[in-house]
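To start, the structure under review is shown below, and the notes come after it.
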Amino acid sequence: MDIIELKAKAAEIRMALLKMIHNAKTGHTGGSLSNTDILTALYYRVMKIDPTRPKWEDRDRFIASKGHSVESLWCILANLGFFPEEELKTFSQYGTRLIGHPNNKVPGIEMNTGALGHGLAISVGMALAGKRDGKGYRVYCLMGDGEQAEGSVWEAAMAGAHYKLENLVAIIDRNRLQISGSTEEVMGLEPLEEKWAAFGWNVVSIDGNDMDALVRTFESVPTVSGKPTLFMANTVKGKGVSFAENVAHWHHHVPNDEQLELALAELSAALERYKQEGQVQ
Amino acid sequence: MANSIPNRQVICDTLLELSKGDRNIMVLASDSSGSAAMAPFAKAYPDQFVEVGIAEQNIVGIAAGLAHSGKKPFVTSPACFLSMRSIEQIKVDVAYSATNVKLVGISGGVSYGALGMSHHSVQDIAVARAIPGLAVVLPADRHETKKMTEALVQYEGGVYVRIGRNPVEDSYESENYEFVLGKAVTMREGRDITIIAVGETVRVALDAEAALKEAGVSCRVLNMHTIKPLDKEAILKAAEETGYIITVEEHSIHGGLGAAVAEVIVQQRPVPMRILGIPDEPAIAGKTSEVFDHYGISAANITKIALEMLSR
């Protein structure tokens, strides 16, 4: 997909996840909206994957360490055909596979996550196996910024650098908000990039809601030989929905009928714009 | 019966042997390759060895990632930390995600002796057996440790193993017996009472059986090497055929072997039962044998209790 198509796809995914959350009356709206562009870039352009062969040995791996923002991922996997889109209606309902966190009973999900601070260690293990076996796959691990307060993140950061895992890419969805408020108020993280650099990672700062920048930087991996890469993706929590943007309350808040309508109208307008831009190109 | 080989060395030797034909076997250490006796493995198979440093959460997560990629990781780390510090990774990354990770808790029970409660591991069985799908195994001696290690390489799934630090006296005369995960081994047949033991207490139970035989009591000894999945059939058979049960373990009386057996007995075939183990207190410091004696995990005390139960 080209950049405009990816932008349009991200708008579609945002609409789908809002409808899904509204239908289920539960969900992590803010974080899913903030990471939608990152996931769209990875799944529709960057990663080597095959929806018809979810366990293809040479596929790139994606680990959603911030497992609570699984809604964008469910919508993307369904859209790509890993499972029927119809199933999105079962999200968070009794007996569903599509629970509120990644669940490896669903094709396309590698590991069960949700307890924060686990994903990077798992990704280190996967990347280490790939490196020792001479495989070409990459491992992408998406973390939250609030998640950076977990000590286990830094244990894994040390190991990733120690084993020189240049096939490992960690991404921080740096939206600066967590459930109780601003990350800097809850537990100050800054200077976060310097911390990762000090742990031996090559750190690249990007606008995590700028599709062009995302694709360009993801396609430049490995950015430095012999080092794992950390993308500090500066994002806006609630991105794409004006009234939810940068509001901590939307971390785990469900749109009512009126809010859904408003949000869908905004995203439809954006989608139309991208379509027109695409035609002009 | 004298033996100078600790079980941790047996695991290393067995994995070294099995790795000749299997490049997917991996050993992970948390600055513990020396204490886990895994240094020879690290030297022989550097590509199959991973040093993680003192980071027990990380070691389990990395092992889960390796297992997801087709490896057969054996995590070797002190039981006290592996079973507690990383229990959430064990729950989510190993059990819930169904990854093929073997967690080997070394220097478990009270085998760190004088180092105190921080280093004793007498809550690990309770914690591990509460995790769905996680098998829990404690081998009795070097013979069983070898057979168990061979079985674990074949077994697909998460397992928590606990072994001690020092050489233990043999409970088996040889490796000439069948080790099946989840199946208790009848060490001695008997009609009057059954002692169910696990790990290093199997030897204690066998000594008690010998003393009881002198006193004219026919005592069955079951080695419940797998606490989960539990061999309920053997327990119910013992309850049915011998009427009395004593459990012995190097673990808190809360949530370990005794509790697991009691759950079966109470619900399906109630018979008089006693649970011997470490009481609800920070275990006293000392050599394993001294700690055992202090808490009555001894042949003499088991014999006394058995005779009391039978005389009622």
Side-chain angles (χ1 to χ4, degrees), chain A residues 54-55 57-65 67 99 101-106 109-135 137-141 143 150-163 165 167-168 199, chain B residues 19 22-31 42 45-75 77 81-82 84-103 131-133 158:
Chain A
K55 301 207 165 161
E57 211 179 317
D58 296 324
R59 72 191 180 281
D60 287 336
R61 274 77 165 158
F62 176 77
I63 298 294
S65 193
I99 59 172
H101 289 103
N103 165 20
N104 66 358
K105 288 190 178 65
V106 181
I109 298 293
E110 305 284 355
M111 292 282 285
N112 294 345
T113 49
L116 293 174
H118 290 220
L120 192 61
I122 293 165
S123 305
V124 166
M126 291 176 174
L128 190 58
K131 185 171 171 166
R132 294 225 172 145
D133 286 347
K135 298 275 186 188
Y137 66 77
R138 293 211 174 106
V139 184
Y140 296 88
C141 176
M143 292 180 285
E150 291 279 11
S152 50
V153 168
W154 302 95
E155 292 183 4
M158 265 188 260
H162 180 83
Y163 285 103
L165 299 176
N167 54 348
L168 175 61
F199 272 67
Chain B
S19 292
D22 191 346
R23 60 184 303 271
N24 282 327
I25 292 173
M26 293 192 84
V27 171
L28 290 84
S30 55
D31 194 23
Y45 295 101
D47 284 348
Q48 291 171 241
F49 179 76
V50 183
E51 175 58 74
V52 173
I54 306 166
E56 291 81 12
Q57 299 182 76
N58 203 27
I59 201 172
V60 175
I62 290 177
L66 289 167
H68 179 277
S69 313
K71 302 296 180 188
K72 300 173 188 172
F74 280 71
V75 171
S77 181
F81 310 127
L82 182 61
M84 305 293 247
R85 198 71 173 261
S86 48
I87 194 63
E88 194 184 83
Q89 278 77 6
I90 294 174
K91 180 181 103 171
V92 180
D93 309 351
V94 177
Y96 185 29
S97 286
T99 51
N100 184 23
V101 176
K102 308 300 181 298
L103 304 147
I131 310 266

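By convention in this document, chain letters (A, B, ...) are assigned in the order of the sequence lines, proteins followed by strands, and residues within each chain are numbered from 1.
Only the side chain of Thr99(B) has a heavy atom closer than 4.5 Å to any heavy atom of chain A. If you measure heavy-atom distances from Val60(B) to chain A, you find no contacts under 4.5 Å at all.
The greatest number of non-hydrogen atom pairs below 4.5 Å with chain A, out of Glu51(B), Lys91(B), Met26(B), is found for Glu51(B). Considering only heavy-atom pairs separated by less than 4.5 Å from chain A, the leading option among Ser97(B), Ala64(B), Ser86(B) is Ser97(B). Contact tally against chain B (heavy-atom pairs below 4.5 Å) for Glu110(A), Arg132(A), His118(A): the top residue is His118(A). When each of Val92(B), Val50(B), Ile62(B), Asp47(B) is checked for heavy-atom pairs under 4.5 Å with chain A, Ile62(B) comes out on top.
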Verdict with supporting geometry, Gln89(B) and Ser152(A), side-chain contact (heavy atoms from CB on, under 4.5 Å): CA-CA 10 Å; Gln89(B) 278 77 6; Ser152(A) 50; 4.2 Å; yes
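Atom CG in Asn103(A) sits 5.0 Å away from atom OH in Tyr96(B) (nearest 0.5 Å). Separation of atoms CD (Glu155(A)) and CD (Gln57(B)) is listed at 5.0 Å; rounding is to 0.5 Å.
Inter-residue side-chain proximity for Asp133(A) and Lys71(B) is flagged as met; some heavy-atom pair is nearer than 4.5 Å. Contact annotation: the side chain of Ser69(B) never approaches that of Lys135(A) to less than 4.5 Å [non-hydrogen atoms, C-beta and beyond].
Nearest heavy atom pair, residue Leu66(B) against residue Gly125(A), reads CD2-O, 3.3 Å.
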